[in-house]
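What follows is one structure encoded as structure tokens, with my remarks underneath.
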Amino acid sequence: MATFQTLPGFREFYPDDLARRNHVFRRWRQTAHTFGFSEYDAPVLEPLELYKAKSGDEIEGQLFSFTDKGGREVALRPEMTPTVCRLVGARANALKRPIKWFSIAEFYRYERMQKGRGRCFFQFNADIFGEPGPEAEIELIALLVQCLCAFGLTEQDFYVRLSDRNLWFYFLEALGFDDTRSRAILNAIDKYEKMGDDAFGAYAAAFGPLDPELKARILALLNVKSLPALEAVVASAGGDKLSARLQDWRRVLEALEAMGLARFVAVDLGVVRGLAYYTGFVFEAFDRKGELRALAGGGRYDDLVQKLGGPALPAVGFAIGDMTFSLLLEQRGLMPAFVEAPDVYCVIGGPAERLAAFGDIHALRAAGFRVDYPLKELAFGKQFKAAAESGAKLALIYGGDEVAKGVVKIRDLTQRTEVEVPRAQVAASVRDFFSGGGH
RNA sequence: GCGGUCAUAGCUCAGUUGGUUAGAGCACAAGAUUGUGGAUCUUGGGGUCGCGGGUUCGAGUCCCGUUGGCCGCCCCA
């Protein structure tokens with residue numbers, strides 16, 4: 001047993017683990033690029049003040065924070081949003097619009113370990129800046145859905161719950177609640193799913209019991225599960241703000257319908273998301289079985305760039321965490337077994353054949369194929385076993401007979417078929433195999 | 001921060017009312033095996049029984065503490 005343990009909540013990635021992690025990151029990155037998002041990165045260590053400014057002083061208890069040797073109060077980043085707001089804010093006037101950015105980065109939070117949650121984790125973050133209308137939400141929800149579908153997940157596996165803090169505020173305003181009371185109500189709504197009626201206890205303690213009729217109307221909105229239901233409940237409250245807001249809802253849902261993504265999206269006003277900096281649409285992705293914590297979450301935060309010292313700049317963003325997401329992929333059998341397999345494994349007869357093979361091995365590698373071979377002399381039987389276990393699609397066989405004839409035997413390890421090709425044509429044959437739908 | 005539960009090989013686990021030198025399967029390595037597939041057989045390496053203290057002639061086993069894992073609460077940007 002090793003003398004030193006990893007710090008609690010931290011993870012080590014042995015090659016198999018890292019292969020899976022890289023597989024996930026690679027798909028996320030590809031997907032973001034297909035949507036026209038640009039990748040950025042930023043420091044892991046930031047001034048503590050950046051997070052206090054965004055979330056308040058209480059946040060410090062949940063950060064890895066300390067004083068550095070220069071006396072600066074610093075913290076390991078617990079999220080990307082403040083950082084990306086600073087980056088975009090600093091160059092807001094110079095950046096070509098729309099600003100569509102993403103990152104894949106590690107974050108740190110000083111919290112208790114739980115299933116799907118550790119003290120360090122990775123997130124895929126995507127944000128759109130400078131777009132005040134629901135077009136940004138449309139683009140981001142579509143990206144979120146595709147980031148999950150890219151792994152083979154379907155509407156059977158997950159869905160996105162869409163809600164709207166603005167709609168809630170307008171609705172509560174129409175019911176006669178002031179801003180302070182509205183925020184207390186939203187807190188109750190956030191907890192309602194878990195706590196039921198007790199969720200309104202904090203409100204009652206602060207402002208007195210909630211009028212039963214008002215409560216009934218709040219619960220009516222909370223239980224809305226479709227656009228027609230939303231329209232009906234909202235119509236009962238009336239008001240221009242609300243009807244304008246419904247227009248945004250229709251645009252979002254129509255667009256997602258047109259993309260063929262409506263089956264992934266559920267209207268659900270029960271989602272309001274905890275911390276209060278969201279200013280409009282909010283959304284969260286969950287597994288359909290409801291066994292795991294949230295897969296992803298996001299929403300609009302139009303005031304945050306300015307609050308952090310930048311210009312007024314509307315923004316929408318979301319993040320997918322790697323831990324819960326990987327759990328879901330494993331549960332559904334969607335994590336590939338051979339994410340790090342070589343393309344080609346060479347079977348080599350002896351020292352002389354090894355020298356012959358080396359020329360092809362290096363040429364194939366230089367051409368971009370992943371090629372492996374046994375580092376020391378092994379019996380043929382073991383080499384074929386090693387080739388099969390490696391996950392390679394092809395074996396190149398350099399035996400005494402082949403080398404003497406100036407050929408290489410190419411074995412398709414999946415089909416269990418073999419062909420002999422002249423040495424000079426090995427690279428071309430391998431290329432044909434892999435470009436011809438051979439994998 | 002609170003509560004429950006657990007800790008024996010890289011992994012999954014046995015280990016009797018406390019009793020010699022702590023075991024198995026898988027994995028890993030070598031051989032059987034000098035030309036064709038995840039097999040089989042043989043052999044091997046690998047453990048301060050999480051750590052520290054206590055009880056005892058004797059502790060993997062009982063007691064206390066501690067560290068860590070898992071599950072839940074709080075929180076979840």
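In what follows, every chain begins at residue 1, and chains take the letters A, B, ... in the order their sequences are listed. Just so you know, these numbers use all the heavy atoms, side chains as well, and skip hydrogens, waters and symmetry mates.
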Q. Under 4.0 angstrom, heavy atoms only, what part of the nucleic acid is Lys52(A) near: base, sugar-phosphate, or nothing?
A. nothing

Q. Counting just side-chain N and O atoms, does Arg109(A) come under 4.0 Å of either OP1 or OP2 of rC76(B)?
A. no

Q | Results of side chain to side chain donor-acceptor pair (under 3.5 Å) for Asn22(A) - residues two or more places apart only | A | none

Q) Between rA24(B) and rC63(B), how far is it from one P atom to the other, in whole Å? A) 29 Å

(Q) Can you check the distance between rG1(B) and rC11(B), where both ends of the measurement are the C1' atom (answer in whole Å)? (A) 34 Å

**Q.** Phe124(A) and Trp28(A) aromatic ring geometry - parallel, tilted or perpendicular at 30°/60° bounds
**A.** tilted

Q. The side chain of Arg112(A) lies closest to which of these nucleotides: rC71(B), rU36(B), rA77(B)?
A. rC71(B)

Q) With sequence neighbours excluded, what pairs up with Asp41(A) under the side chain to side chain contact (heavy atoms under 4.5 Å, CB included) test? A) Arg77(A), Met80(A), Ala105(A)

Q. Is a donor-acceptor contact shorter than 3.5 angstrom present between the side chain of Arg411(A) and the base of rG37(B)?
A. yes

(Q) Quick test of your reading: applying ring-ring contact (aromatic ring centres under 6.0 Å, His included), list the pairs with at least one residue in residues 373-394 of chain A, sequence neighbours left out, ordered by first then second residue. (A) Phe358(A)-Tyr373(A)

Q | Pro132(A): partners by side chain to side chain contact (heavy atoms under 4.5 Å, CB included), with sequence neighbours left out | A | Pro314(A)

Q: May I ask you to say what Gly61(A) touches in the nucleic acid, namely base, sugar-phosphate or nothing, with a heavy-atom cut-off under 4.0 Å?
A: nothing

Q: Classify the nucleic acid contact of Glu402(A) as base, sugar-phosphate or nothing, counting any heavy atom under 4.0 Å across all strands shown.
A: base

Q.
Say we look at rA22(B) and rC64(B): how far apart would their P atoms be, to the nearest angstrom?
A. 27 Å

**Q.** Stretch residues 312-323 of chain A: residues that reach within less than 4.0 Å of RNA chain B through a heavy atom
**A.** none

Q.
Applying a 4.0 Å non-hydrogen cut-off, can you work out what Gly56(A) is touching in the nucleic acid: base, sugar-phosphate, or nothing?
A. nothing

Q) Could a donor-acceptor pair under 3.5 angstrom be found where the side chain of Gln383(A) meets the base of rU36(B)? A) no

**Q.** Arg411(A): partners by salt bridge (Lys or Arg N to Asp or Glu O under 4.0 Å), with sequence neighbours left out
**A.** Glu418(A)

Q.
Quiz question: going by heavy-atom distance under 3.5 Å, is there a donor-acceptor pair between the base of rU34(B) and the side chain of Lys382(A)?
A. no

Q: Assign the ring pair Phe286(A) / Tyr159(A) to parallel, tilted or perpendicular, where the plane angle (0 to 90°) is split at 30° and 60°.
A: tilted

**Q.** Same-atom distance (P) from rC62(B) to rU16(B), integer angstrom
**A.** 9 Å

Q | Distance between P atoms of rG44(B) and rU56(B) (Å, rounded) | A | 41 Å

Q) Considering only the P atoms, how many Å lie between rU17(B) and rU5(B), rounded to the nearest integer? A) 22 Å

Q: For the residue pair Tyr170(A) and Asp164(A), confirm or rule out a side-chain donor-acceptor distance under 3.5 Å.
A: no

Q) Parallel, tilted or perpendicular: which fits the ring planes of Trp101(A) and Phe129(A), with parallel below 30° and perpendicular above 60°? A) perpendicular

Q) Touch check for Gly381(A), heavy atoms < 4.0 angstrom, all strands: base, sugar-phosphate only, or nothing? A) nothing

**Q.** Out of rC76(B), rA30(B), rU34(B), whichever nucleotide has its closest atom nearest the side chain of Arg293(A)
**A.** rC76(B)

Q) Looking at rU36(B), rG72(B), rU34(B), which one has an atom nearest to any side-chain atom of Lys115(A)? A) rG72(B)

Q | Between rC71(B) and rA27(B) - C1' atom distance, rounded Å | A | 29 Å

Q: May I ask you to list the residues of residues 191-206 of chain A, by number, that have any heavy atom positioned under 4.0 Å from an atom of RNA chain B?
A: Lys191(A), Lys194(A)

**Q.** rA14(B) to rG54(B) separation - P atoms, rounded to the nearest Å
**A.** 30 Å

(Q) Counting the atoms with a prime plus P, OP1 and OP2 as sugar-phosphate, which does Glu377(A) contact under 4.0 Å by heavy atoms, base, sugar-phosphate, or nothing? (A) nothing

Q: Report the residue from Asp248(A), Ile141(A), Val316(A) that forms a side-chain contact (heavy atoms from CB on, under 4.5 Å) with Pro134(A).
A: Asp248(A)

Q: Take the angle between the ring planes of Phe207(A) and Tyr203(A) and call it parallel below 30°, perpendicular above 60°, tilted in between.
A: tilted

Q. With pairs taken as Watson-Crick or G-U wobble and both distances under 3.5 angstrom, which stems of at least three consecutive pairs involve RNA chain B?
A. B:1-7 with B:67-73, B:10-13 with B:23-26, B:28-32 with B:40-44, B:50-54 with B:62-66

Q. Got a sec, which residues hit side chain to side chain donor-acceptor pair (under 3.5 Å) with Asp68(A), two or more places apart in sequence or on another chain?
A. Arg72(A)

Q.
Applying side-chain hydrogen bond (donor to acceptor under 3.5 Å, both in side chains) as the test, list every pair that has at least one member in residues 324-340 of chain A; sequence neighbours left out.
A. Asp157(A)-Arg332(A)

Q. Does the side-chain ring of Phe380(A) sit on the six-membered ring of the rG35(B) base, less than 5.5 Å centre to centre and under 30° in tilt?
A. yes

(Q) Taking the cut-offs as 6.0 angstrom to the six-membered ring centre and 45 degrees off its axis, would you call Arg119(A) and Tyr110(A) a cation-pi pair? (A) yes

Q) So what does Pro78(A) touch, heavy atoms closer than 4.0 Å: a base, only the sugar-phosphate, or nothing? A) base

(Q) Just by distance, no angles: are the side chains of Glu12(A) and Tyr14(A) close enough, under 3.5 Å, to form a donor-acceptor pair? (A) no

Q. Taking only residues two or more places apart in sequence, or in another chain, which ones meet Asn187(A) in a side chain to side chain donor-acceptor pair (under 3.5 Å)?
A. none

Q | Distance-only donor-acceptor test (3.5 Å): side chain Gln114(A), base rG69(B) | A | no

Q | Closest listed nucleotide, where the reference is the side chain of Glu111(A) and the choices are rU36(B), rU34(B), rC75(B) | A | rC75(B)

Shorter than 3.5 Å, N or O on both sides, protein versus nucleotides 38-40 of chain B: list them out with atom names.
residue	atom	partner	partner atom	Å
rG38(B)	N1	Ala388(A)	O	3.3
rG38(B)	N2	Glu389(A)	O	3.4
rA39(B)	OP2	Lys385(A)	NZ	3.1

